[in-house]
Structures are given as C-alpha cells and as structure tokens.
Amino acid sequence: MAAYQELRAQADQRWLGLISGDRPWIRVGTAMCGQAAGAVQVLAALRAELDKRGIDATIDEVGCLGICFAEPLVDIVKKRGSRLFFNNVTPEDVSRIIESYLVNDIVPDEGVIGYLGQNPVGDVPSLNKHPSMAKQERIALRNAGRIAPADIYQYIARGGYGGLNKALFEMQPADVIQEITDSGLRGRGGAAFPTGVKWSFLVRSPGPPKYILCNCEEGDPGAYNDKGILESDPHTLLEGILIAGYATGATNGFVFIRHGHDGPIDRTRHAIAQAYELGLLGQNILGSEFSFEIEVSLTGESYVAGEETALMDSIEGKRAMPRFRPPFPAAAGVWGKPSNINNVKTLAYAPEIILKGSQWFSSIGVNRSTGTAVLCLSGNIRYPGMYEVPMGITLGEVVNEIGGGVPGGKRLKLLQTGGPLGGVLGADSMGIHLDFEEMRDAGAILGSGGIIVADEDTCAVDLTRVLVAFCQYESCGKCFPCRLGMEQLLEIVERIAKCESEPGDLDLLRSVGETMEGTSLCGHGQLGFGPIRSALQHFEADFIAHIEEKRCPTGKCTGPMLSPKNTRPYAFDFVPAAPETTGERPRAEIRG
Amino acid sequence: MTGTVEGFKRRTRRAITSQRQPTVTVLSCLLAAQDELGYLPDEAIEEIATYTGTTTNEVWGVASFYTNFRFTPPGEHAVEICWGPTCHLAGAPGILQSVLDLLGLSGEGETSDNRISLKYNTCLGACSQAPVASIDHQLVGRLSIETARGLVGKLKAPDATR
Ligand SMILES: Cc1cc2nc3c(=O)[nH]c(=O)nc-3n(C[C@H](O)[C@H](O)[C@H](O)COP(=O)(O)O)c2cc1C
Ligand code: FES
C-alpha cells in the first residue's frame with residue numbers, strides 16, 4: 001500500500017507544479033494524426049520562438065485529444081489555470097500566438113477553438129461545448145491529449161495505477177474477474193466476446209508461464225484508435241495488462257504492434273521502461289507478491305497477423321497464418337503455453353472499472369453493450385477525429401452531431417463500419433444505435449470502431465472494389481477458399497467497375513462469397529464477403545447501372561484502379577529444406 | 001553503405017545482437033536487419049539462419065510473407081502513399097496516378113536512377129488527415145495533387161552537393 005501512496009504523493013506535487021502556471025505549460029499534440037497535419041514543424045517553431053524570446057516554459061508532447069480536424073493543436077496553461085486551445089496552428093502562427101497570449105496577455109481573435117478547465121478565458125467558449133466534444137464520455141481516452149505519455153508521474157497524478165493498487169491489495173484475483181464480468185465489458189477487437197469470461201478460461205490453465213497478449217496490430221484502414229491510445233496514454237494499457245495478469249495468474253505480457261508505427265512503439269517502450277524503474281513492473285510490484293514482465297513485440301506488415309492465432313505465430317517469429325482451433329489460446333497459445341488475447345481498448349478500460357466498480361461501467365451503454373465505444377470518424381465529414389461515446393447513441397448523433405455532418409452541402413450516401421471485413425450502411429441507418437447486436441443485425445459491425453463516411457458523389461461499386469482489393473491483398477494464403485476466393489471476388493468486382501461484367505456475375509459473386517463464408521479457416525475469409533453483401537443489399541442500383549447500363553453514375557470508376565496485388569508466395573512454395581546449420585528446428589529463443 | 005559480403009554479415013550480426021526486446025525470433029531479426037541495411041540481401045538471410053539455428057529456407061519463408069520486407073536495395077528516398085478507403089474517398093487515386101506519372105513508374109518500385117522508392121500503403125494511421133503519404137518516414141496529410149507532386153518533386157531534383 002505504502003509504495004503506491006508514496007508515488008502518488010510525488011506525482012501530485014509535480015502535477016500541482018505544472019498546473020500552477022508559474023511557468024507556462026504548453027502542450028502540443030504529436031500523435032500520428034497531429035504529425036500528418038504538421039505538428040512536428042509547429043513544435044520546432046515553438047521551441048525556437050520561446051528560446052529566442054527567453055521565455056521559460058514547460059513544453060510537453062501529448063497524444064491526440066481526438067479533435068483531429070483541429071490539428072495541429074496547441075494549448076497553453078497560464079496563471080489562470082485553464083487550457084486555451086489554438087487550432088490548426090502553422091509554424092508561421094507561432095510567433096503571433098506567443099506574442100499575443102504569453103507576452104501581452106491578449107487572447108487572439110482567431111485560431112482559438114476553446115478552453116478547458118475551471119476558469120473561463122476571456123469570452124472563449126468551453127471546448128466541451130463544441131459539438132465534437134459535447135456528447136463524449138471519455139474512459140479509455142480519459143487522459144488522451146491531456147497528459148504527456150512520456151511522463152509516468154502525470155499518469156499517476158490522474159489516478160493512474162490506482163486500479164492496480166486496489167486490485168493487488170484489496171482484491172483477490174477471483175474478485176477482479178468477477179468485477180470485470182459484472183461490468184459487462186466485451187472485447188473491442190471485433191468479436192465482442194465477454195472479457196471476464198475470457199479471462200476465467202486462462203485462470204483454469206496451468207502455469208507459469210502464462211501470457212497476456214495485447215493486440216495492437218490494427219490493420220483496419222480507417223481506424224487508428226488503438227495506436228491513438230498507445231501514443232496518448234500508454235500507461236493505461238500497461239495498467240490494464242497488469243490487472244489482467246494479476247486476475248489470471250499470468251506472468252508475461254506482450255504488446256503486439258506493427259513495425260513502422262514509430263510513435264506508438266517508442267512511446268510504449270518508453271512507458272515500459274519507466275514502469276520498471278518505479279517498481280510497477282518486474283518483481284514484487286508495488287511491494288506485493290505479484291511479479292510480471294511486459295515487452296513490445298513487433299510484427300511485419302500483414303493484416304491477418306491481427307487474427308488471434310496468427311498473432312501468436314507472429315510473436316513466435318513465423319509467418320502470421322491462423323491456426324486451427326481447438327486448441328484455443330487459453331489451452332495452448334504462444335509457444336504452446338496458455339495465453340489470453342485482448343484488444344488495446346478492452347484492456348484500457350480495466351483500470352477504471354476496478355477503481356470505480358462494475359456498476360458504474362455497466363450503467364453506461366445499452367443492453368448487452370455496456371460502457372463506451374471508441375470511434376474513429378473519417379471520410380467526407382466535417383469533424384474527422386477519434387471520439388469516445390456511450391454505447392447506445394445513434395449513428396445519426398455520431399455523424400451529424402459529433403461529426404458535424406457531411407460538408408459542402410452534400411448529402412450522406414453511406415457509412416462503412418467495422419473495417420474492411422465489416423459492411424456498409426445507407427443514409428437510412430441514422431436511427432441505428434451503437435450496440436454490438438443491433439449493428440450486426442443491420443449487416444455492419446462495430447468492429448474496431450472505424451466509421452468512414454461517404455457523400456453522394458461516392459460510387460458504391462468503386463468503394464467496394466477498394467475494400468475487396470484490400471482483402472485480396474491481405475489474404476495470408478493458408479486456406480484456399482480465402483486465397484482463391486478473394487482473387488475471384490476481386491476479378492469480378494473489377495470487371496463490374498469497368499462496366500465489362502458478364503451475365504450472371506452477381507450470382508457468381510454470391511456463390512463464391514458464400515462458399516468462402518462457410519469454408520475459410522479464419523475470419524478473414526469467413527467475413528471477406530461482408531463488404532460485397534452489404535453493398536449489394538443497400539446499393540444494388542449502383543451495381544445494376546454498371547452491369548446493365550454499362551456506366552458508372554458518378555464517374556468514379558473511370559479513373560485509374562491502382563492497388564497492389566497480393567505477392568505473398570503461398571506456403572507450399574516453401575518446401576522445408578534439410579537443416580543447413582545445427583539441425584535444431586526453429587524455436588524462438590528467450591533471452592534473459 | 002558497405003556492400004561487401006563481409007560488410008553485410010557484420011552489420012546484420014550487430015543489428016540482431018543489439019535488439020531492444022528480450023524475446024528474439026526470426027521475425028525480430030529480419031526487422032532489425034532491414035532497419036540496418038534498408039533491405040535483406042542474401043547475406044542477411046544466411047546470418048539470421050545461423051544465429052537463430054534454423055535454415056535459410058525457413059527465414060526466406062518468414063521474410064517473403066510480410067509485405068514490408070524487400071530483397072533489393074531501396075531508393076535513396078522512400079515515398080509511401082495510402083490507398084486505404086478513407087484516403088481513396090479523399091482523392092488518393094488521382095494523387096497516386098500523378099506521382100506515378102511524375103516518377104515515370106507504372107506501379108510500386110524504384111525510379112530508374114534508384115533515387116526514389118514508391119510504395120502503396122494500406123493505411124498510414126492518420127485517416128483523419130486524408131489523403132495521407134509518408135515521405136522519408138514523415139507523415140504528411142491533407143494532400144492535394146499539387147502538394148504531393150511538389151513534395152515528391154523536391155526529392156527528385158538532383159541536389160547540388162552531389
Ligand atoms: C483477419 C482478422 C484481423 C484481426 N485484426 C485484429 C486487430 O488488428 N486488432 C484486434 O484487436 N483484433 C483483431 N482481430 C480480432 C482478434 O482475432 C481477436 O478477436 C481480438 O484481438 C480479441 O480481443 P478482444 O476480446 O479484446 O476483442 C482480427 C480478426 C481477424 C479475423
Ligand atoms: S486510410 Fe489512409 S491513412 Fe488511413
């Protein structure tokens with residue numbers, strides 16, 4: 001107990017120092033969305049400007065507050081204690097902002113989106129009143145854009161590692177599982193499996209070792225919320241993994257991230273190192289009997305590596321190809337040892353559920369979909385961003401209120417949800433609630449939370465072609481229904497898009513798709529027909545125009561059709577040769 | 001760049017013996033080697049097979065699966081353009097086509113002077129800023145055909161120091 005209280009006291013003191021505003025505290029969002037908007041250049045300009053003027057300020061790089069449309073986003077805390085947010089900042093704006101707000105204490109008329117905090121700043125509106133913020137309920141994203149991910153003390157000052165402390169010293173592992181089960185938490189990686197139940201499988205498996213694997217492969221185009229959490233608040237994930245480890249009797253954790261996403265990777269690795277330093281990882285965590293190790297495991301580019309059994313092969317260093325089940329991961333997972341796999345968001349909820357109780361969490365949401373949904377809204381939308389909203393609100397609220405609707409006076413045509421294996425919905429879907437079952441019944445899924453909005457200029461055939469091209473490109477090649485089926489689906493959809501279809505193509509699509517659904521090894525092939533089926537359900541007219549009238553109503557399909565073809569050599573191209581070296585079969589080696 | 005057999009072997013060995021994470025696998029070695037060398041020459045594959053106690057065939061099997069690995073030297077500059085659905089809606093096809101034209105390419109690959117490598121990416125993870133590209137591993141969003149051509153054009157121009 002004492003160990004945590006000590007850390008907390010230190011953290012609180014540092015936090016008070018930061019918010020006192022004795023020195024200005026400047027935060028810049030430099031997650032991937034911020035970087036793409038130019039935040040790195042803005043940060044450099046800020047540092048240079050403060051240097052030039054000899055102003056002593058604290059500058060922190062934070063993650064993503066979620067309002068990506070306003071990036072690069074810079075906020076400043078001064079004596080008054082509230083955060084004043086400057087939106088869409090360019091390097092050229094920096095000098096004016098510093099001059100006006102820091103030197104002359106004048107709130108600029110332009111380029112200010114709002115304030116957050118107790119005290120109003122001038123007549124600036126509260127950022128919480130902005131349509132994109134008003135309906136949010138932030139649990140997994142509670143610290144995103146608020147604390148510096150590189151500073152563990154900022155996380156602790158906001159109550160971080162309090163859930164772990166409570167679990168370790170006030171609860172038995174079985175109580176923790178009960179709490180998670182009672183909260184109704186379900187997996188946010190796509191399948192929505194009850195998390196407490198999944199954890200209880202691992203409890204019953206023998207160990208050590210037992211593994212907690214956190215899935216941040218996140219290959220879904222249109223979703224970046226898992227990476228967003230790692231970049232904004234990696235400690236909330238580490239704490240979630242530790243709670244899962246304590247509850248299930250696991251010994252090691254792996255955070256599985258795709259190579260090349262340097263922001264999430266570096267920030268997670270840094271957070272792990274800090275947690276070891278403060279005794280929040282390693283032997284006898286916080287002075288308890290519980291010991292646990294976490295490391296980052298990098299994978300190469302492969303969408304199917306996010307499938308849970310393929311993920312295990314990838315951690316072992318092999319081709320990321322799904323395994324047959326059973327045995328299930330809880331019985332024989334990575335290196336044949338019992339393993340539990342959860343998505344980043346799922347684990348990120350655990351600390352707050354333990355701290356505030358299952359009742360609190362299950363009171364948010366509807367039906368069997370408790371808690372919140374972390375969404376990435378992109379496409380033809382006024383306010384693209386990463387938002388966390390209570391389950392049960394309607395797609396209309398998400399798109400028209402939070403997202404601000406379709407810009408340019410255009411009409412909404414469709415939503416693509418749940419990633420490339422999900423589905424599309426029409427403009428008549430605005431009454432559908434964010435509810436796992438309701439979304440599934442409508443022919444789409446909530447999946448990982450990506451929602452792509454498309455306006456009236458969109459051709460459903462064109463968008464479907466891109467989704468199918470993705471699924472073909474990413475087929476791992478292990479089972480032939482998916483490997484060959486995806487090729488056939490793509491060929492037919494491309495033919496339709498080029499207005500060169502042959503009679504019976506729609507029937508052929510359905511027959512290939514249904515075969516894949518029934519016979520593929522993993523979800524990639526089983527769900528790969530989803531985008532086509534839902535597009536046919538809602539936008540058959542678009543297909544008919546290409547097929548019968550030989551024209552694309554929007555003209556979109558006349559453009560170049562650029563997409564890479566799958567180049568993965570099939571598994572059977574590799575005939576294992578006689579060992580050339582020691583004769584030992586490959587086995588990952590665990591050092592240290 | 002030391003292009004000799006011995007140079008490749010030595011650099012691969014150094015890269016795979018100084019990995020940060022405790023668990024070392026064929027895949028982690030491949031990633032480390034490519035980070036160091038920019039691609040995977042035969043010597044890197046052989047060195048990894050020796051180090052992990054497996055066969056070159058097994059190592060090739062892993063390397064050929066993940067689409068980020070390459071087996072020929074990359075161009076001096078790396079350009080990746082996202083063709084994910086969000087970027088597609090925001091105009092990625094036009095951007096891709098104009099960059100291909102600018103570079104004299106018909107798909108992924110290197111320019112004839114090996115100055116620029118062009119790669120398609122399925123999602124660069126910054127969909128809110130679509131259309132997105134990555135230029136020498138720096139993300140750039142809210143692209144137009146003009147800004148994309150400008151950025152890539154800058155890489156193309158022979159620089160004065162060479
Ligand atoms: C082709 C394919 C790709 C997947 N990719 C991911 C992914 O990137 N991230 C993820 O969390 N789950 C992904 N999943 C789902 C996982 O298999 C698994 O259900 C999930 O990680 C479990 O975590 P949860 O219980 O917290 O949802 C994928 C599934 C399939 C079939
Ligand atoms: S779809 Fe292009 S960055 Fe995600």
Exercise. Can you say whether A/Val296 sits under 4.5 Å from chain B via the side chain, the backbone, both, or neither, judging by heavy atoms?
Worked result: backbone
Problem set entry | Gap separating the CZ atom of B/Arg20 from the CD1 atom of A/Ile272, nearest 0.5 angstrom | 9.0 Å
Problem set entry | Residue A/Arg382 excluded, over 12 heavy atoms near CZ under 6.0 Å | no
Seminar exercise, completed: Cut-off 4.5 Å, heavy atoms of chain A, and the answer for B/Ser28 is neither
Problem set entry | Least distance between heavy atoms, A/His261 atom then B/Leu124 atom | CE1-O, 4.3 Å
Problem set entry | Nearest-0.5 Å distance, CG of residue A/Asn225 to SG of residue B/Cys127 | 9.5 Å
Exercise. At what distance, to the nearest 0.5 angstrom, does CG of A/Leu298 lie from OG1 of B/Thr25?
Worked result: 9.5 Å
Seminar exercise, completed: Bottom line for B/Leu100: the part with an atom under 4.5 Å from chain A's heavy atoms is side chain
Exercise. What option among A/Gly38, A/Gly34, A/Gly222 has the most heavy-atom pairs under 4.5 Å with chain B?
Worked result: A/Gly222
Problem set entry | Heavy-atom proximity to chain B below 4.5 Å, by part of A/Glu71 | both
Exercise. Going through the distances and angles, do A/Phe470 and B/Cys123 end up as a side-chain contact (heavy atoms from CB on, under 4.5 Å)?
Worked result: CA-CA 10 Å; A/Phe470 174 90; B/Cys123 176; over 6 Å; no
Exercise. So how far is it from B/Gln129 CD to A/Met32 CE, rounded to the nearest 0.5 Å?
Worked result: 11.5 Å
Problem set entry | Region of A/Phe69 that comes under 4.5 Å of a non-hydrogen atom in chain B | backbone
Exercise. Is the closest side-chain heavy-atom distance between A/Gln41 and B/Gln138 below 4.5 Å?
Worked result: yes
For this session: Let me know if B/Gln34 has heavy atoms under 4.5 Å from chain A in its side chain, its backbone, both or neither.
Result: neither
For this session: For the residue pair A/Tyr473 and B/Trp83, categorise the inter-ring angle as parallel (less than 30°), tilted (30 to 60°) or perpendicular (more than 60°).
Result: perpendicular
Exercise. What's the shortest heavy-atom distance between A/Ser302 and B/Phe65, and which atoms?
Worked result: OG-CE2, 3.5 Å
Problem set entry | Shortest non-hydrogen contact from A/Ala454 toward B/Leu89 | CB-CD1, 3.8 Å
Seminar exercise, completed: When the 4.5 angstrom heavy-atom criterion is applied to A/Ala320 and chain B, the contacting part is both
Seminar exercise, completed: Most contact-rich option vs chain B, by heavy-atom pairs under 4.5 angstrom, among A/Ile381, A/Val466, A/Asp457, is A/Val466
Seminar exercise, completed: Under 4.5 Å to a heavy atom of chain B? For A/Ser314 that would be both
For this session: With a 4.5 Å cut-off on heavy-atom pairs, point out which of A/Gly450, A/Ala36, A/Pro221, A/Pro384 contacts chain B the most.
Result: A/Ala36
Exercise. When heavy-atom pairs shorter than 4.5 Å are enumerated against chain A, which of B/Ala126, B/Gly84, B/Gly125, B/Cys87 gives the highest number?
Worked result: B/Gly125
Seminar exercise, completed: Of the listed A/Ala31, A/Pro264, A/Cys68, the one with the largest count of heavy-atom pairs under 4.5 Å with chain B is A/Cys68
Problem set entry | Within-4.5 Å side-chain heavy-atom neighbours: A/Arg269 and B/Gln21 | yes
For this session: Report the distance from atom CG of B/Leu27 to atom CD1 of A/Ile315, rounding to the nearest 0.5 Å.
Result: 10.5 Å
For this session: Could you grab the distance from atom CD of A/Gln416 to atom OG1 of B/Thr86, nearest 0.5 Å is fine?
Result: 8.0 Å
Problem set entry | Over all atoms of both residues, closest heavy-atom pair of B/Asn68 and A/His259 | ND2-ND1, 4.3 Å
Seminar exercise, completed: Highest number of heavy-atom pairs under 4.5 Å with chain B among A/Cys33, A/Pro420, A/Gly300 belongs to A/Gly300
Seminar exercise, completed: For A/Asn88 and B/Arg142, the nearest pair of non-hydrogen atoms, with its separation, is ND2-NH1, 3.6 Å
For this session: Go through the atoms of A/Leu467 and report whether side chain, backbone, both or neither lie under 4.5 Å from a heavy atom of chain B.
Result: side chain
Problem set entry | Most contacts with chain B, counted as non-hydrogen pairs under 4.5 angstrom, among A/Gly385, A/Ser378, A/Gly260 | A/Ser378
Exercise. With only heavy atoms counted, which part of A/Glu231 is less than 4.5 Å from chain B, the side chain, the backbone, both or neither?
Worked result: neither
